[in-house]
Every structure is written in structure tokens, then in C-alpha cells.
Amino acid sequence: MKVSVFVSPKQGVLDPAGQATLGSLRSLGFEEVSEVRIGKYITLRLEGVDAERAEARVQEMCERLLANPIIEDFRVEIER
């Protein structure tokens, strides 16, 4: 099964990449952009586990490696 993980900085956490991109977009004339948050998109393919177990395993992967729970939020989508 395919799993998508979306990781983004928590609100209120400094996002230097997002700030740099915001500045660049504005310098290119895209004045309507008021905020940019830069995150990560990770895809996984899992085999040999059911969907319920996969969700628990991916949650653990995120908490232990794929995201930094102190400064990042993450969301998991499983395609069954």
C-alpha cells in the first residue's frame, strides 16, 4: 500500500526557507503572497501489514525519524 506523509513546520516556529521564498516571490512581483511555509512530502510503500497496523507503524516512523515532533506537524494519508 502507498503511504503519503506531509511534514510542515508548526505554526509559530521560524521557517527560514519559507521566509526566503516569500521574499523571493515578492521581489518577482507576486505581492499577493502573504505567507509561505516549506515542508516535506514523503512517500512510502508498505507490504505485509494491514491498513490499521500500517497507520500505527507510519505514525511511529514519523515520531522517531521522518518528522521532528517538537517543531513540525505531520499528516499521514494511506491509499488502500
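Quantities reported herein were computed from a predicted structural model and do not represent experimental measurements.
Of all non-hydrogen atoms in I78 and A51, the two that sit nearest each other are CD1-O, 3.9 Å. Of all the heavy atoms in D15 and P9, the pair that sits closest is OD2-CG, 3.7 Å. Minimum heavy-atom separation, K2 to S4: CE-OG, 4.1 Å. The two residues A54 and L46 have their closest heavy-atom pair at CB-CD1, 3.7 Å.
Grouping the Ile, Leu, Val, Met, Phe, Trp and Tyr side chains by contacts below 4.5 angstrom, directly or via other members, places V76 apart from Y41. In the hydrophobic clustering of this structure, V49 groups with V58; members are Ile, Leu, Val, Met, Phe, Trp, Tyr whose side-chain heavy atoms approach within less than 4.5 Å, directly or through other members. V13 and L22 are assigned to two separate hydrophobic clusters, defined by single-linkage of ILVMFWY side chains at heavy-atom distances under 4.5 Å. Side-chain heavy atoms closer than 4.5 Å link hydrophobic residues (I, L, V, M, F, W, Y) into clusters, and following such links, even through other members, never connects L14 to V7. Following chains of ILVMFWY side-chain contacts shorter than 4.5 Å, one cannot reach F6 starting from F74, and the two form parts of different hydrophobic clusters.
The environment of CD in E72 is crowded: more than 12 heavy-atom neighbours from other residues, nucleotides or ligands sit within 6.0 Å. Environment of CD in E52: sparse, with no more than 12 heavy atoms of neighbouring residues, nucleotides or ligands closer than 6.0 Å. Within 6.0 Å of CD1 on I70 lie no more than 12 heavy atoms contributed by other residues, nucleotides or ligands.
The shortest side-chain heavy-atom distance between K10 and I71 does not fall under the 4.5 Å cut-off. Here the side chains of M61 and V5 are not in contact, with every heavy-atom distance at 4.5 Å or above.
Ion pairing between R45 and E47 fails under the 4.0 Å rule for side-chain N and carboxylate O.
Rounding to the nearest 0.5 angstrom, the gap separating the CD atom in E55 from the CG atom in D50 is 10.5 Å. How far CG of L65 is from CD of E60: 11.0 Å, rounded to the nearest 0.5 Å.
In summary, the side chains of Q59 and E63 do present a donor paired with an acceptor at a separation below 3.5 Å, with no hydrogens or angles considered.
Side-chain N or O atoms of R26 include one that pairs as donor or acceptor with a backbone N or O of V33 at under 3.5 Å.
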